Amino acid sequence: MIEHKILFTGTTGAGKTTAIRAVSEVVPINTDVRNTDPEFAKAMTTAGLDYGELTLDKGEKLRLYGTPGQHRFNFMWSILARGALGVVILVDNSRPQPLDDLDAYLQGFRQLIDEGACVIAVGRLDSHPHPGLERYARHLEARHVLCPVVDTDVREAAQVVQLLELLLLQLESKTTGRQA
Amino acid sequence: MRVDARVNTAAQQAVALIMREVKGARAAVISTEDGFEVACHVENTAEVARLSAMASSIAALGAMAGEESGIGRCDNVVIAGEGGHIVMRQIRRTDISLVLSVVASREAIVGQMLYFSRQAARAMEHA
């Protein structure tokens with residue numbers, strides 16, 4: 001069986017734990033603790049990692065890891081990125097500067113993005129339409145990052161699966177491109 | 001302020017106790033469980049903000065490993081390095097959970113680090 005390690009990252013509250021919980025076939029592991037940071041209006045926050053597993057229709061097994069979102073936990077980013085094939089970056093469009101948020105993760109996971117695959121999943125676009133997906137695409141282009149940007153609601157399992165399939169497709173095309 | 005004045009005072013006393021009693025102690029830091037510094041006493045070059053965040057992650061991973069392995073709640077995590085030891089101890093108050101991190105040189109005795117970490121944690125839990 002082919003197994004892949006995939007990461008979910010993004011700002012606190014963007015939905016990393018929710019995304020993994022939505023699709024995991026095993027009881028997800030999480031390391032949530034009480035949030036004391038007034039910048040984020042949420043009760044709990046991930047301090048270590050989230051973990052879940054998903055088998056796709058083609059038989060590929062995905063081991064899904066969620067990172068802590070806050071920059072002070074960036075040592076966990078590099079630990080979790082080891083051996084990963086791709087990363088899904090979740091962006092919360094209701095935050096004041098979502099493009100700046102995105103930059104922090106593009107920078108933090110640059111090596112994985114360059115060597116593996118990446119998908120940008122923008123959440124809360126329905127209630128906060130700006131910046132739009134085209135603006136994200138231009139932003140990525142300016143940073144020489146080639147990856148899909150999609151509108152996503154990670155509470156919906158089907159949409160999370162689509163993100164993962166998109167990631168694997170990107171990985172496949174990159175591998176094919178390298179072989180050609 | 002993330003914690004009230006009473007907790008803050010108790011945290012200052014706890015790190016002072018550790019630095020006074022633990023042979024070879026180089027740093028004692030008390031952090032919130034989500035990785036923010038509450039009190040510290042550092043005699044080496046430890047970056048307190050970084051250590052606080054790491055203590056938070058390690059304590060959370062220790063708790064998860066304890067649960068998954070069916071050994072119950074995790075009270076301590078001990079890291080044995082070539083040049084010393086680190087003990088991380090959970091402090092469970094009803095209003096807030098904290099993590100005490102003690103960094104000590106090689107001459108430190110782990111049993112003593114654990115003993116005084118427990119004393120400091122208990123004092124804070126009842127403060």
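Since the structure is predicted, the reported quantities are computational estimates derived from the model, not experimental observations. The sequence lines fix the lettering, A, B, ..., with proteins before strands; numbering per chain opens at 1.
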- Message: Using heavy-atom distances under 4.5 Å, tell me whether B:Glu68 contacts chain A through its side chain, its backbone, both, or neither.
- Response: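 Just the side chain, heavy atoms under 4.5 Å.
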- Counting only heavy atoms closer than 4.5 Å, note whether B:Ser56 contacts chain A via side chain, backbone, both or neither.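 For B:Ser56, the contact with chain A is made by backbone and side chain together.
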- Between A:Asp151 and A:Tyr136, do the side chains contain an N or O donor and an N or O acceptor separated by less than 3.5 Å?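 Side chains of A:Asp151 and A:Tyr136: no pair found under 3.5 Å.
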- Task: Could you verify whether a donor N or O on one side chain and an acceptor N or O on the other, from A:Asp92 and A:His128, lie under 3.5 Å apart?
- Result: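 No, A:His128 and A:Asp92 have no side-chain donor paired with an acceptor closer than 3.5 Å.
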- Item | Contacting moiety of A:Thr36, where chain B heavy atoms sit under 4.5 Å |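 Both backbone and side chain.
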- Query: Is it the backbone or the side chain of A:Asp37 that comes under 4.5 Å from a heavy atom of chain B, or both, or neither?
  - Reply: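 Both parts, backbone and side chain.
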- Would you please classify the geometry between the A:Trp77 ring and the A:Tyr105 ring as parallel, tilted or perpendicular, with 30° and 60° separating the classes?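 A:Tyr105 and A:Trp77: tilted rings.
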- Using side chain to side chain contact (heavy atoms under 4.5 Å, CB included) as the criterion, point out the one residue from A:Thr152, A:Leu102, A:Leu99 that pairs with A:Val91.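 Result: among A:Thr152, A:Leu102, A:Leu99, A:Leu102 is the only option passing the side chain to side chain contact (heavy atoms under 4.5 Å, CB included) with A:Val91.
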